Amino acid sequence: MTTQAHSNGLSIAEVAARTGLTAHTLRYYERDGLMLGVGRNGSGHRAYSEGDLGWITLITRLRSTGMPIREIRRYAEMVRDGSGNEEARLALLRAHRDRVRAQLEETAAHLDAIEFKVSYYAAAVGETDPDAELIAQQRRAEPSAPR
C-alpha cells in the first residue's frame, strides 16, 4: 500500500538519522510488510510522514522487547485492515505485554542477585556500595517491588 505524500515528507536518510535505523532496515521494514504504507514524493522517492515516524518507533520498541517479526507483521496487517479487529490487536498486544512483564521480573531477580554479590564483595574489601545501599533502602520502602 503506497500513498502519495506531500513533497515535504522526510527522506529515508532523514528518517534513518532521526530513528537510528539504517536505510537498509527501513527498506526491509517496508518490503516485509511491517510498515503501514510509506508515501512517495513527485519523483517517486519515499516521503515519510510524522505518522510513519511514530509507527517506526512503535515497531522498534516491539522488536526491542522481543516481539517476533511475524507478530509485528500480523499487527501491521490488522492495522491496515482497519476497524473491526480491535479485539485481535488487543489480544496480541496483551500477550506481548505479559511476556515483557515476565522478562522484567526475571531480570529484576537477576539484578537482585548481582546487587547481593556487589554488596558482599564491597564489604569484603572494606567498602560500602552506595548504589547497593540505595537499592536496599528502596526495596525496604516498597514491599511490593519484585524481588
Side-chain angles (χ1 to χ4, degrees), residues 1-119 121-122 129-147:
M1 172 177 161
T2 302
T3 58
Q4 190 68 25
H6 294 85
S7 60
N8 61 354
L10 299 166
S11 71
I12 196 165
E14 292 169 320
V15 172
R18 284 180 63 175
T19 63
L21 299 173
T22 65
H24 174 78
T25 298
L26 292 167
R27 285 187 207 97
Y28 167 76
Y29 282 0
E30 187 177 354
R31 186 174 56 251
D32 206 39
L34 305 181
M35 296 297 297
L36 299 181
V38 176
R40 301 286 174 153
N41 63 21
S43 60
H45 294 99
R46 288 171 180 85
Y48 292 86
S49 69
E50 290 298 322
D52 293 328
L53 284 176
W55 182 257
I56 291 166
T57 299
L58 174 63
I59 63 177
T60 300
R61 288 181 174 154
L62 294 174
R63 282 296 300 139
S64 293
T65 55
M67 182 179 275
I69 292 286
R70 72 184 174 283
E71 286 186 21
I72 297 172
R73 185 182 311 113
R74 177 68 188 127
Y75 180 66
E77 288 169 1
M78 288 188 282
V79 172
R80 281 191 298 269
D81 287 346
S83 63
N85 60 24
E86 290 81 3
E87 287 183 22
R89 292 186 217 181
L90 179 60
L92 185 145
L93 292 172
R94 279 183 172 157
H96 183 64
R97 179 192 62 190
D98 293 346
R99 288 190 304 266
V100 171
R101 283 181 173 169
Q103 290 169 352
L104 285 171
E105 289 175 14
E106 183 178 358
T107 300
H110 297 323
L111 180 58
D112 284 347
I114 294 166
E115 293 291 355
F116 174 80
K117 287 297 187 182
V118 167
S119 294
Y121 287 110
D129 183 60
D131 290 337
E133 289 298 320
L134 177 63
I135 290 168
Q137 289 172 4
Q138 290 172 343
R139 297 269 186 210
R140 286 191 294 271
E142 300 175 15
S144 63
R147 297 198 181 247

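Note that the structure is a prediction, hence the values are computed from the model and not measured. For the single chain, residues carry numbers from 1 onward in sequence order.
Applying the side-chain contact (heavy atoms from CB on, under 4.5 Å) criterion to A88, with sequence neighbours excluded, gives M78. Contacts of N85 classified as side-chain hydrogen bond (donor to acceptor under 3.5 Å, both in side chains), with partners at least two apart in sequence or in another chain: R89. For S83, the side-chain hydrogen bond (donor to acceptor under 3.5 Å, both in side chains) criterion is met by no residue, not counting sequence neighbours. Residues that satisfy the salt bridge (charged side-chain N to carboxylate O under 4.0 Å, His left out) test with E106, not counting sequence neighbours, are absent from this structure. Under the rule for a side-chain hydrogen bond (donor to acceptor under 3.5 Å, both in side chains), Y121 has no partner lying at least two apart in sequence or in another chain. A76 is linked by a side-chain contact (heavy atoms from CB on, under 4.5 Å) to L36, W55, R80, counting only residues two or more places apart in sequence or in another chain. For Q103, there are no side-chain hydrogen bond (donor to acceptor under 3.5 Å, both in side chains) partners, not counting sequence neighbours. Judged as a side-chain contact (heavy atoms from CB on, under 4.5 Å), and not counting sequence neighbours, the contacts of L53 are L10, V15, R18, T19, E50. Every salt bridge (charged side-chain N to carboxylate O under 4.0 Å, His left out) that D32 has, sequence neighbours left out, goes to R73. With sequence neighbours excluded, no residue forms a side-chain contact (heavy atoms from CB on, under 4.5 Å) with T107.
One finds the OH atom of Y29 at 6.5 Å from the CD1 atom of I72 (value rounded to the nearest 0.5 Å). Between D81 atom CG and E77 atom CD the span is 7.0 Å, to the nearest 0.5 Å. Here the CG atom belonging to L26 is positioned 4.5 Å from the OH atom belonging to Y48, to the nearest 0.5 angstrom.
The backbone N or O of S49 sits less than 3.5 Å from a side-chain atom of D52, completing a donor-acceptor pair.
Listed by first then second residue, pairs satisfying side chain to side chain donor-acceptor pair (under 3.5 Å) with a partner in residues 57-67 read T65-H96, not counting sequence neighbours. Note on residues 90-100: pairs passing salt bridge (charged side-chain N to carboxylate O under 4.0 Å, His left out), not counting sequence neighbours, are E71-R99.
Side-chain contact check for M67 versus V100: every heavy-atom pair is 4.5 Å or farther apart.
In this structure, E87 places its CD atom where only 12 or fewer heavy-atom neighbours from other residues, nucleotides or ligands lie under 6.0 Å away.
In this structure, a donor-acceptor pair under 3.5 Å is present between the side chains of S43 and H45.
Heavy-atom minimum distance, A47 versus N41: CB-N, 3.9 Å.
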